Amino acid sequence: MDRYLVFGHPVRHSKSPFIHTLFARQTQQELEYGLAEPAVDEFAQALRTFFDQGGKGCNVTVPFKEQAFTLVDRLSLRAKRAGAVNTIKLTDDGVLLGDNTDGAGLVADLKSHGVTLADSRILLLGAGGAARGALAPLLAELPSELVIANRTHTKAQQLAAEFHDLGPVTAQAYEQLAGPFDLVINSTSASLQGELPPLAPALIHTDIAIYDMMYGASDTAFICWAKQHGARQTMDGLGMLVEQAAEAFTVWRGIRPGTKQVLRELKRNLGVI
């Protein structure tokens, strides 16, 4: 039976085995999917051993995405742009192909919620790996403008400059931000600590769409804050998790699973519904 893993540290909390088991059942694919939690300095050896022993593919999560980028034989265009790899496939000719499905998962989830990206004005909070992975897929949807804001303004400027060839992307300091925005995406991990990015409440209005890449059994701190200031459409990153997994499954198996029922089952598993 074909074997797949998710590599991370820590990774025991991962919902990837749950999600991919449901995908396999839905598409009648025979595979097994497990967890691997090597020490931070042992990832390269663990990855080689997995594929030497017949592994077909894997997901890669924190803190190994950038390391995986350097270990594969070939990179997809979106992995090159993201500077990180979250999906690896052993091709039929024995090549380890590194891909990044995070941005595609974000865009797919936004569209599933009816969010219009074309001609929209998007504010992306954060300039780390999550933001980098989202930029190319977001710009491919042809927004009118994509503004990056980050606590360290120079990082936002560097990121905007790097992706400027793909579309109208700029960097602005938090205190300089001027609305209106159609969509605000929080790519920072602040919500995990119950913290908020320094965003002015005046930027929130009733017709804005708010997206937090983090998720939990209840609303994140950022989503709670946005609702308090009048946002009516708010979304967390749980759907992105399922959509990026569906993209990875497609890379591996050549068949795209449906995500709606799997997302419902995942919410039930987490106690969200």
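Everything numeric in this text was worked out from a predicted model, so none of it was measured. By convention here, the first residue in the shown sequence is residue 1. Both backbone and side-chain heavy atoms feed into the values below; hydrogens, waters and symmetry mates do not.
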Next item on the list: Please lay out, stage by stage, how D236 and M214 fare under the test side chain to side chain contact (heavy atoms under 4.5 Å, CB included).
Entry: CA-CA 6 Å; D236 68 15; M214 302 299 110; over 6 Å; no
Margin query: Please determine whether side chain to side chain contact (heavy atoms under 4.5 Å, CB included) holds for the pair Q233 and I210, giving the CA-CA distance in whole Å, both sets of side-chain angles, and the decisive distance to 0.1 Å.
Written below: CA-CA 6 Å; Q233 185 176 20; I210 298 292; over 6 Å; no
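Crowding of H205 atom NE2: a count of heavy atoms from other residues, nucleotides or ligands under 6.0 Å exceeding 12. The environment of Q28 atom CD is sparse: at most 12 non-hydrogen atoms of other residues, nucleotides or ligands sit within 6.0 angstrom.
A donor-acceptor pair under 3.5 Å links the side-chain atoms of S112 to the main chain of D109, judged by distance alone.
A side-chain donor-acceptor contact under 3.5 Å links Y33 and N59. A donor-acceptor contact under 3.5 angstrom links the side chains of D212 and S191, judged on distance only.
Note on residues 201-210: pairs passing salt bridge (charged side-chain N to carboxylate O under 4.0 Å, His left out), not counting sequence neighbours, are D207-R232. For residues 37-61, the salt bridge (charged side-chain N to carboxylate O under 4.0 Å, His left out) pairs, not counting sequence neighbours, are R12-E37. Applying the salt bridge (charged side-chain N to carboxylate O under 4.0 Å, His left out) rule to pairs touching residues 186-200 yields nothing, sequence neighbours excluded. For residues 60-96, the ring-ring contact (aromatic ring centres under 6.0 Å, His included) pairs, not counting sequence neighbours, are F43-F64. Screening residues 138-148 for side chain to side chain donor-acceptor pair (under 3.5 Å), with sequence neighbours left out, gives K111-E141, R121-E145, E145-T170. Here salt bridge (charged side-chain N to carboxylate O under 4.0 Å, His left out) pairs that include residues 152-164, with residues two or more places apart or in two chains, are R132-E162.
If you chain together ILVMFWY residues whose side-chain heavy atoms come under 4.5 Å of each other, L77 ends up in a group of its own.
Contact of the N86 side chain with the T101 side chain is registered, since non-hydrogen atoms from C-beta on lie closer than 4.5 Å. I19 is not listed as a side-chain neighbour of L22, based on a closest heavy-atom distance of 4.5 Å or more. Inter-residue side-chain proximity for I223 and T220 is flagged as met; some heavy-atom pair is nearer than 4.5 Å. You'll find the side chain of V262 reaches within 4.5 Å of the side chain of Q26, heavy atoms only.
Electrostatic pairing of D102 and R78 does not count as a salt bridge here, judged by no charged N lying under 4.0 Å from a carboxylate O.
With sequence neighbours left out, the side chain to side chain contact (heavy atoms under 4.5 Å, CB included) criterion links R81 to A136, F163, D165, L166. Remark: S76 pairs with D99 by the side-chain hydrogen bond (donor to acceptor under 3.5 Å, both in side chains) rule, at least two apart or across chains. S189 is linked by a side-chain hydrogen bond (donor to acceptor under 3.5 Å, both in side chains) to nothing, counting only residues two or more places apart in sequence or in another chain. Among residues two or more places apart in sequence or in another chain, the side-chain hydrogen bond (donor to acceptor under 3.5 Å, both in side chains) test is passed with T91 by D93.
Residues Y211 and L199 do not share a hydrophobic cluster, defined by chaining ILVMFWY side chains whose heavy atoms lie under 4.5 Å apart. Side-chain heavy atoms closer than 4.5 Å link hydrophobic residues (I, L, V, M, F, W, Y) into clusters, and following such links, even through other members, never connects I122 to F222.
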Would you tabulate the side-chain donor-acceptor contacts of residues 224-231 under 3.5 Å, counting partners in other chains and residues two or more places apart, or write 'none'?
residue: K227; atom: NZ; partner: D219; partner atom: OD2; Å: 2.7
residue: H229; atom: ND1; partner: W225; partner atom: O; Å: 2.9

